[in-house]
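Chain letters run A, B, ... following the sequence lines, proteins first and then strands; every chain starts at 1. Values below: every heavy atom of this structure, side chains too, minus hydrogens, waters and symmetry copies.
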Amino acid sequence: MNREDFPLLGDDIIYFDNSATSLKPKCVIDKIRDYYTNYPANAHRGDYDLSYKVDQEYEETRSLVKEFINAQELEEIIFTSGTTEALNMVVNGFFAPLLEANDEVLITTSEHASNVLPWFRLVKTNNIKVNYIPLDSNYYLTIDNLKKVITPNTKVISIAGITNVIGDIRPVKEICKIAHEHNIFVVLDGAQMVPHMKVDVEDLDVDFLVFSAHKMCGPTGVGVLYGKKELLEHLEPMILGGGMNESFDNPHEVYLKELPARLEAGTRNIAGVIGFGEAIRYLKEIGMDNIHKYELDLRKYLIDKLMPLKHIDIINIESDSGIVTFNVTDVFSQDVAYYLNKYNICVRAGNHCAKILKSSVGVNNTVRISLYFYNTYEEIDNLVELLSDYDKILKEMI
Amino acid sequence: MNNENTRKIIMDNYLNPYNRLMPKGEGYVKANTRNESCIDNIDLYVKFDGDKLADITFMGDACAISISSTSIMIKNLIGKTKNEALEYILEFEKMIDGKEFNKELLKDACVYEEISKQGSRKVCASLPLKGIKKAILEFLE
């Protein structure tokens with residue numbers, strides 16, 4: 001779909017590493033160039049037309065994000081540098097002052113490092129406990145398993161909506177319902193979810209949602225922290241400085257701005273935020289339901305073609321996203337990636353930053369194909385043809 | 001990689017690497033070496049006898065280039081003095097950077113000369129050298 005919008009796709013490249021980052025359509029690139037060329041002023045500062053236009057465009061993106069995830073208030077949308085920073089803000093700014101010794105945070109072994117390490121730090125600083133919701137034989141998070149590990153001390157469930165190795169879609173709405181019945185907060189890492197399917201924060205009832213622009217056709221260096229307004233009001237700013245303060249005279253008289261400015265100190269990535277707005281317009285035009293359905297069709301096509309290949313071991317045969325993870329018998333994943341690279345096919349090899357997942361899956365490294373709407377059936381045919389010939393892989397992997 | 005002989009040396013060392021085993025006996029120091037993309041991960045075990053690298057073994061998971069490079073490096077460095085080993089590492093680094101280097105000194109390791117033209121594979125070939133350099137500098141100086 002929409003391949004003509006992506007300048008890179010004219011270059012005979014097959015890009016299957018969309019979970020790492022997505023390609024950028026021309027409209028997003030043009031929008032960023034337009035900012036730097038025609039109105040490169042700062043935001044929220046000047047009393048002149050150029051700066052006014054910056055404010056309009058910057059805040060328009062906030063409005064687009066609000067609508068895109070169905071948030072209730074503009075103040076609930078905070079621009080960050082990405083998912084990682086947003087998660088760190090939630091953990092350090094909201095939960096660090098709140099959680100006490102022996103409070104429990106539930107995560108899973110398939111979480112990305114950015115949803116693990118900030119919590120690990122609270123284990124040291126606040127003496128909290130990080131416990132794991134067991135995964136089932138497909139490495140899925142099930143409601144039954146969740147219920148088994150909730151205790152009176154559980155205060156937070158922090159999980160990815162779609163994991164970046166297995167690609168399973170978590171039952172977020174049900175998780176939130178159960179969590180809230182037990183007065184537990186839910187933090188949703190939407191990095192792999194928001195770019196690929198409709199996410200409605202009101203319907204899901206998540207407390208915090210974080211995601212990155214660059215995985216959804218937007219620029220790098222921009223992300224979103226969504227939080228229910230009454231919770232964000234209690235999130236301590238980690239970064240202090242310009243743009244977030246109302247006034248200050250001495251250490252005891254510092255007055256901060258209201259949301260969202262309070263959590264957006266310093267000059268933000270203005271070009272990135274404006275470009276992100278264009279990415280959202282672009283995705284809306286295609287339709288998130290269309291994107292999700294197309295990716296699932298593509299995935300099924302890929303799985304059906306890989307299944308008969310005896311030397312291919314698929315880790316996640318069942319999965320409702322565009323992520324397919326596998327290994328080639330007796331070939332190190334990185335060598336598979338180098339082999340495919342010779343034919344201009346970009347795939348990811350490694351542990352995909354989910355370093356504790358190996359304890360569940362039993363393999364350290366895998367090859368990952370992650371699809372997006374601009375991938376095609378023909379590209380999958382090309383990939384499968386190269387993967388079908390085991391002798392060729394062995395011969396050409398170095 | 002087009003040269004059949006080069007390919008054969010790399011594959012032989014990948015499929016049957018030299019000294020890929022836990023060290024037998026005591027007195028070994030361990031040096032871990034891994035690359036930035038968190039895939040290749042090798043533990044080197046080095047036994048020093050005075051100024052000499054008396055024995056080296058390794059364990060770990062890595063790609064064909066890293067494993068074979070480790071195997072070749074171990075064969076070439078066992079028995080060398082610290083300064084000889086550092087000289088070897090220096091020549092290897094020159095080769096990987098596409099500069100003039102001492103082919104006699106590097107022996108089989110010359111198979112990675114072509115690697116200098118493949119940016120992402122440079123790191124793989126250099127991985128064990130990085131580890132052994134760390135071990136030498138840390139434990140002998």
Side-chain angles (χ1 to χ4, degrees), chain A residues 13 17 19-21 84 110-114 116-117 164-165 313 315 325-359 361-368 370 390-398, chain B residues 1-17 20 32-43 58-73 95-96 108-128 130:
Chain A
I13 284 271
D17 194 17
S19 287
T21 196
T84 299
S110 49
E111 301 309 315
H112 189 279
S114 49
V116 177
L117 296 180
N164 77 324
V165 181
D313 176 23
I315 309 290
T325 308
F326 65 93
N327 270 314
V328 177
T329 306
D330 292 334
V331 182
F332 196 67
S333 61
Q334 199 180 5
D335 292 321
V336 178
Y338 281 118
Y339 164 69
L340 294 173
N341 178 55
K342 289 181 177 177
Y343 296 90
N344 275 347
I345 298 180
C346 311
V347 303
R348 177 86 185 271
N351 56 33
H352 321 296
C353 294
K355 294 194 179 187
I356 48 181
L357 182 64
K358 63 187 177 212
S359 60
V361 180
V363 291
N364 283 335
N365 302 299
T366 55
V367 184
R368 182 183 68 189
S370 49
Y390 188 52
D391 291 338
K392 187 178 165 76
I393 298 174
L394 292 180
K395 191 164 177 237
E396 298 184 14
M397 70 183 200
I398 59 169
Chain B
M1 200 158 291
N2 298 322
N3 185 319
E4 254 330 288
N5 193 40
T6 294
R7 191 190 131 69
K8 186 176 178 313
I9 291 170
I10 291 177
M11 286 308 284
D12 283 351
N13 277 280
Y14 172 54
L15 297 172
N16 299 295
R20 187 184 201 170
N32 177 264
T33 182
R34 57 178 69 202
N35 71 24
E36 282 172 16
S37 58
C38 28
I39 307 177
D40 296 335
N41 186 2
I42 287 175
D43 286 329
F58 81 102
M59 292 291 285
D61 294 320
C63 67
I65 298 295
S66 282
I67 294 285
S68 58
S69 180
T70 307
S71 168
I72 291 170
M73 178 195 78
M95 174 180 72
I96 289 294
D108 275 6
C110 294
V111 293
Y112 302 108
E113 187 177 1
E114 284 296 302
I115 292 285
S116 65
K117 292 166 191 153
Q118 303 171 38
S120 49
R121 286 290 215 188
K122 282 184 180 184
V123 184
C124 310
S126 307
L127 188 75
K130 200 173 79 175

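Annotation: maximal heavy-atom pairing with chain A below 4.5 Å, among B/Cys124, B/Ala64, B/Ser68, B/Ala62, occurs at B/Ala62. Comparing A/Asn341, A/Asp330, A/Val336, A/Leu394 by how many heavy-atom pairs each has under 4.5 Å with chain B, the most go to A/Leu394.
Applying the side chain to side chain donor-acceptor pair (under 3.5 Å) rule to B/Ser66 yields the partners B/Asp40; only residues at least two apart in sequence or on another chain are considered. Take A/Tyr339 and apply the ring pair (Phe, Tyr, Trp, His ring centres under 6.0 Å) test, not counting sequence neighbours, and it matches A/Tyr343.
No donor-acceptor distance shorter than 3.5 angstrom exists from the side chain of B/Arg7 to the backbone of A/Ile398, with no hydrogens or angles considered.
Taking CE from A/Met397 and CD1 from B/Ile10, the interatomic distance works out to 10.0 Å, rounded to the nearest 0.5 Å. The CZ atom of A/Phe332 lies 7.5 Å from the CD1 atom of B/Ile67; values are rounded to the nearest 0.5 Å.
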